[in-house]
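Values reported hereafter were calculated over all heavy atoms of this structure, with side chains retained and with hydrogens, waters and symmetry mates removed. Here the structure is a predicted model, which means the values were calculated and not measured.
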Amino acid sequence: MADTPARPSGAPHARHESLRARWRQTVEQVRATAEPDPGPYAEDLLARWSEPQRRYHTADHLDAVLGHLDALAAHADDIESVRLAAWFHDAVYRPDRSENEERSAHLAERALAELGVDPGRTAEVARLVRLTVGHDPVAGDHNGETLCDADLAVLGGTPQQYAAYAAAVREEYGFVPDDAFRAGRADVLRRLLDLPRLFRTPLGHDRWELLARRNLTTELELLTA
């Protein structure tokens with residue numbers, strides 16, 4: 001895979017072993033050949049998800065999204081494509097840049113082609129990655145609805161979980177002055193709250209919608225007080 005970052009030093013996160021197994025299983029289910037070995041691609045992706053600038057968009061977030069996809073799988077038309085999109089959706093992540101999703105989609109296109117995934121599925125994965133820019137899939141886009149709900153599920157956590165998420169996001173943007181961060185973050189929260197539905201899958205809506213709106217509204221009030 002191109003543009004491989006330096007590997008983080010020290011022992012890998014304990015979660016990484018199960019993520020490696022999940023990656024291999026997904027890749028093996030979507031292609032007809034056994035080569036090339038998907039293992040090095042897992043290492044590249046996990047290194048990306050472990051970069052030092054990340055505080056929220058980490059391997060823990062990837063693991064959480066994959067777990068939510070397990071719960072939402074029945075809604076998707078092609079859950080394996082959605083799982084692949086989860087792996088790539090924040091694979092390129094620099095909080096000071098705006099083209100992360102596009103670069104992540106390009107990474108998916110290159111890597112999946114090298115792995116022997118068929119062009120149609122590869123294109124679908126890249127489309128789904130790009131969709132996470134706005135988390136606003138069109139009605140009936142079951143794959144997009146499933147991925148976006150899994151990615152946004154953190155918004156529907158307990159107040160304590162949400163507070164930890166919000167604090168981690170602030171850490172990622174530690175280079176931004178407080179006033180500018182508060183204004184920018186408030187705009188993001190307002191855009192989310194203006195969506196008719198945050199969660200498009202029936203299960204996601206039932207499980208997370210009310211809690212997420214309460215959490216978002218509370219954070220917005222704190223930011224604008």
Side-chain angles (χ1 to χ4, degrees), residues 1-31 33-73 76 79-95 97 100-101 103-117 121-122 125-126 128-129 132 146-155 157 160-162 164-174:
M1 194 186 303
D3 299 335
T4 302
R7 298 299 190 264
S9 60
H13 195 289
R15 199 179 298 267
H16 285 193
E17 200 58 42
S18 64
L19 285 169
R20 291 184 185 98
R22 290 196 62 137
W23 166 259
R24 182 174 293 275
Q25 180 182 35
T26 299
V27 171
E28 288 175 350
Q29 287 180 345
V30 300
R31 65 179 188 172
T33 63
E35 298 294 337
D37 180 6
Y41 292 81
E43 297 309 313
D44 181 273
L45 286 164
L46 289 171
R48 292 173 182 276
W49 283 93
S50 303
E51 291 164 337
Q53 77 275 11
R54 298 170 184 257
R55 294 297 183 272
Y56 169 66
H57 295 89
T58 65
D60 286 344
H61 170 59
L62 169 62
D63 189 60
V65 171
L66 290 171
H68 295 313
L69 289 179
D70 290 342
L72 300 171
I79 190 58
E80 303 307 336
S81 289
V82 182
R83 289 189 172 111
L84 288 171
W87 273 92
F88 286 99
H89 82 287
D90 284 319
V92 178
Y93 183 74
R94 297 284 178 178
R97 297 178 183 174
N100 290 315
E101 290 84 2
R103 292 178 65 200
S104 295
H106 283 306
L107 181 68
E109 289 167 337
R110 294 198 306 270
L112 296 178
E114 291 172 11
L115 280 165
V117 177
R121 179 171 264 127
T122 296
V125 172
L128 291 169
V129 172
T132 62
T146 303
L147 178 63
C148 289
D149 277 18
D151 195 26
L152 294 181
V154 64
L155 304 181
Q160 294 79 11
Q161 291 168 332
Y162 185 89
Y165 148 74
V169 170
R170 181 63 184 108
E171 286 186 42
E172 284 187 339
Y173 286 87

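Minimum heavy-atom separation, Arg31 to Ala34: NH2-O, 3.2 Å. Between Ala91 and Ser104, the closest heavy-atom pair is N-OG, 3.6 Å. The two residues Ala59 and Arg15 have their closest heavy-atom pair at O-CD, 4.2 Å. Smallest separation of non-hydrogen atoms from Leu62 and Ala86: CD1-O, 3.5 Å. The two atoms that bring Tyr173 and Pro95 nearest to each other are CE2-O, 3.1 Å, heavy atoms only.
Atom OG1 in Thr122 sits 10.5 Å away from atom CD in Glu114 (nearest 0.5 Å). Annotation: the span from Gln161 atom CD to Leu155 atom CG amounts to 12.0 Å, rounded to 0.5 Å. To the nearest 0.5 Å, atoms CD (Glu35) and CG (Leu115) are separated by 10.5 Å. Atom CG of residue Leu45 and atom CG of residue Leu19 lie 10.5 Å apart, to the nearest 0.5 angstrom. A distance of 5.0 Å separates CG of Leu69 from CD1 of Ile79, quoted to the nearest 0.5 Å. Taken to the nearest 0.5 Å, the CG atom of Leu72 stands 11.5 Å off from the SG atom of Cys148.
Side chains of Arg55 and Val169 form no contact here, defined as non-hydrogen atoms less than 4.5 Å apart. Side-chain contact between Phe88 and Leu107: present, with at least one pair of heavy atoms (C-beta onward) separated by less than 4.5 Å. The side-chain heavy atoms of Ser81 and Val30, taken from C-beta on, include no pair separated by under 4.5 Å. Residues His16 and Ser50 meet the side-chain proximity criterion, which asks for heavy atoms closer than 4.5 Å. With a 4.5 Å cut-off on side-chain heavy atoms, Glu109 and Val125 do not count as touching. Using a 4.5 Å heavy-atom cutoff, the side chains of Leu84 and Trp23 are in contact. Counting heavy atoms from C-beta outward, Arg24 and Asp37 have side chains that approach closer than 4.5 Å.
For Trp49 and His89, the ring centers are positioned less than 6.0 Å apart.
Between Arg22 and Asp63 no salt bridge is recorded (no basic side-chain N to carboxylate O distance below 4.0 Å). For Arg103 and Asp90, the salt-bridge test fails: no basic side-chain N is under 4.0 Å from an acidic carboxylate O. Look at Glu43 and Arg20 and you find a salt bridge, because one of the NZ, NE, NH1 or NH2 atoms lies within 4.0 Å of a carboxylate O, short of that distance.
No side-chain donor from either of His57 and Asn100 sits under 3.5 Å from a side-chain acceptor of the other.
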key: side-chain contact (heavy atoms from CB on, under 4.5 Å) between Val154 and Val65, intermediate numbers included   = CA-CA 9 Å; Val154 64; Val65 171; over 6 Å; no
query = Passes salt bridge (charged side-chain N to carboxylate O under 4.0 Å, His left out), Arg83 versus Asp70? Steps please.
reply = CA-CA 9 Å; Arg83 289 189 172 111; Asp70 290 342; 3.0 Å; yes
request  = Show your working on side chain to side chain donor-acceptor pair (under 3.5 Å) between Tyr93 and Glu172 and close with a plain yes or no.
outcome  = CA-CA 10 Å; Tyr93 183 74; Glu172 284 187 339; 2.8 Å; yes
task = Could you walk me through whether Leu46 and Trp87 pass the side-chain contact (heavy atoms from CB on, under 4.5 Å) test, one step at a time?
result = CA-CA 9 Å; Leu46 289 171; Trp87 273 92; 4.0 Å; yes
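Between Tyr56 and Tyr165, the ring planes lie perpendicular to each other; the angle is over 60°, past the 30° to 60° tilted range.
Side-chain N or O atoms of Arg48 include none that pairs as donor or acceptor with a backbone N or O of Glu51 at under 3.5 Å. Of the possible polar contacts, none joining the Glu101 side chain to the Val92 backbone as a donor-acceptor pair under 3.5 Å is found.
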